[in-house]
Amino acid sequence: MKIPAIRSQMGTWVYYLSTLSFDDINGLISSADCEKHSLLAFSDMFPQEYVRDYKDLAKYLVEHDDRFLNALILAVYDGNPMWNELRIEGEDGEDIYDMGLLSLSGEEKIFPINGHNIVDGIKKALQEKPELGSERVAVIFIGHP
């Protein structure tokens, strides 16, 4: 799987900004990993009234055409993710190398550091309304050396 992304770094942490479809979330992230590995609770920010639990979030996704979710922060371990930079020339002629493709082999384990309610809500919403599968949510992939 090749995912267009922006690569950035803070301290020793490298991270990638991108989006995943609801179908990707459903296939790549296991609910068991969500509960087992989640480190931070999903904040009570937007959409505040729908995040009490994943069932409420699923209902929000199924019933509202004007839906929007916070970004998921996803930890990636195992497997062999590869970063392939794209050369982009800026207006001033300088090269920009922070954009590229993040390639996942399928052997990675991916779990949310925050947003396990979002993952479970998306999975439940897809059971009720499979046509939501092409909807996309912002994600931040993190890894650590």
Side-chain angles (χ1 to χ4, degrees), residues 1-47 50-51 53-55 57-62 64-145:
M1 174 179 215
K2 295 189 186 310
I3 304 166
I6 297 172
R7 181 182 187 271
S8 197
Q9 183 171 347
M10 181 181 292
T12 59
W13 291 87
V14 175
Y15 60 96
Y16 303 88
L17 306 161
S18 190
T19 64
L20 290 175
S21 72
F22 283 15
D23 283 338
D24 292 336
I25 296 291
N26 193 38
L28 291 172
I29 303 169
S30 85
S31 295
D33 281 344
C34 292
E35 291 177 21
K36 181 179 174 185
H37 297 292
S38 185
L39 301 177
L40 301 172
F42 177 62
S43 73
D44 60 349
M45 296 174 72
F46 185 83
Y50 298 104
V51 295
D53 71 26
Y54 76 95
K55 292 176 188 172
L57 185 58
K59 182 178 178 182
Y60 164 76
L61 293 172
V62 168
H64 291 81
D65 290 334
D66 60 346
R67 58 193 161 264
F68 188 82
L69 298 173
N70 287 339
L72 291 168
I73 300 177
L74 303 173
V76 179
Y77 67 97
D78 287 346
N80 190 24
M82 301 293 292
W83 175 247
N84 300 295
E85 290 181 328
L86 300 175
R87 181 184 175 275
I88 300 171
E89 187 175 313
E91 290 180 16
D92 58 2
E94 289 189 35
D95 290 341
I96 301 169
Y97 287 107
D98 291 335
M99 299 180 81
L101 294 173
L102 180 63
S103 298
L104 301 177
S105 66
E107 295 180 23
E108 295 83 6
K109 292 181 178 74
I110 303 172
F111 64 90
I113 289 177
N114 79 337
H116 68 279
N117 284 347
I118 293 176
V119 172
D120 290 342
I122 287 170
K123 290 174 178 280
K124 179 150 181 55
L126 286 173
Q127 291 172 355
E128 297 176 34
K129 196 173 181 181
E131 59 270 25
L132 291 174
S134 63
E135 299 267 326
R136 299 190 75 80
V137 63
V139 296
I140 301 170
F141 293 102
I142 64 168
H144 197 272

Close side-chain approach of R67 to E135, heavy-atom, < 4.5 Å
yes
Where does the angle between the aromatic ring planes of F111 and Y77 fall among parallel (under 30°), tilted (30 to 60°) and perpendicular (over 60°)?
perpendicular
For S103, is there any backbone N or O sitting under 3.5 Å from a side-chain donor or acceptor partner on K2?
no
Hey, mind stepping through R87 and E89 against salt bridge (charged side-chain N to carboxylate O under 4.0 Å, His left out) and telling me if it holds?
CA-CA 7 Å; R87 181 184 175 275; E89 187 175 313; 3.4 Å; yes
For the pair K124 and L57, evaluate side-chain contact (heavy atoms from CB on, under 4.5 Å) and give the outcome as yes or no after the intermediate values.
CA-CA 9 Å; K124 179 150 181 55; L57 185 58; over 6 Å; no
Is there side-chain contact between I25 and V137, with heavy atoms separated by less than 4.5 Å?
yes
Is the count of non-hydrogen atoms from other residues, nucleotides or ligands lying under 6.0 Å from E131 atom CD greater than 12?
yes
Going from CG on L28 to CE on M1, what distance comes out if it is rounded to the nearest 0.5 angstrom?
5.0 Å
Y60 side chain to F68 main-chain N or O, any donor-acceptor pair under 3.5 Å?
yes
Between A125 and L132, what is the shortest heavy-atom contact and its length?
CB-CD1, 4.0 Å
Spacing of F141 atom CZ and I3 atom CD1 [to the nearest 0.5 Å]:
4.0 Å
Less than 4.5 Å apart, any side-chain heavy atom of D78 and any of E108?
no
Report yes if some heavy atom in the side chain of P4 is under 4.5 Å from a heavy atom in the side chain of L101; otherwise report no.
yes
What are the two closest heavy atoms between G133 and S21, and how far apart are they?
O-CB, 3.4 Å
Less than 4.5 Å apart, any side-chain heavy atom of I122 and any of L69?
yes
Would you indicate whether Q9, at its atom CD, is surrounded by more than 12 heavy atoms from other residues, nucleotides or ligands within a distance under 6.0 Å?
yes
About how many Å separate CG of L20 and CG of D23, when rounded to the nearest 0.5 Å?
11.0 Å
Just how far is it from atom CG of L86 to atom CG of D98, taken to the nearest 0.5 Å?
11.5 Å
If you take all heavy atoms of S105 and G79, which pair is closest and at what distance?
OG-CA, 4.2 Å
Sub-4.5 Å side-chain heavy-atom contact between E107 and N80
no
Crowded around M99 CE? As in, over 12 foreign heavy atoms under 6.0 Å?
no
Using 0.5 Å steps for rounding, measure from the OH atom of Y15 to the CD1 atom of I142.
11.0 Å
What pair of heavy atoms forms the shortest contact from W83 to G100, and how long is it?
CH2-N, 3.3 Å
Give, for atom CG of L102 and atom CD1 of I6, the distance between the pair rounded to the nearest 0.5 Å.
12.5 Å
Member of I140, I29, N114 meeting the side chain to side chain contact (heavy atoms under 4.5 Å, CB included) criterion with L74:
I29
If we only count heavy atoms from C-beta on, is the I118 to P112 side-chain gap below 4.5 Å?
no
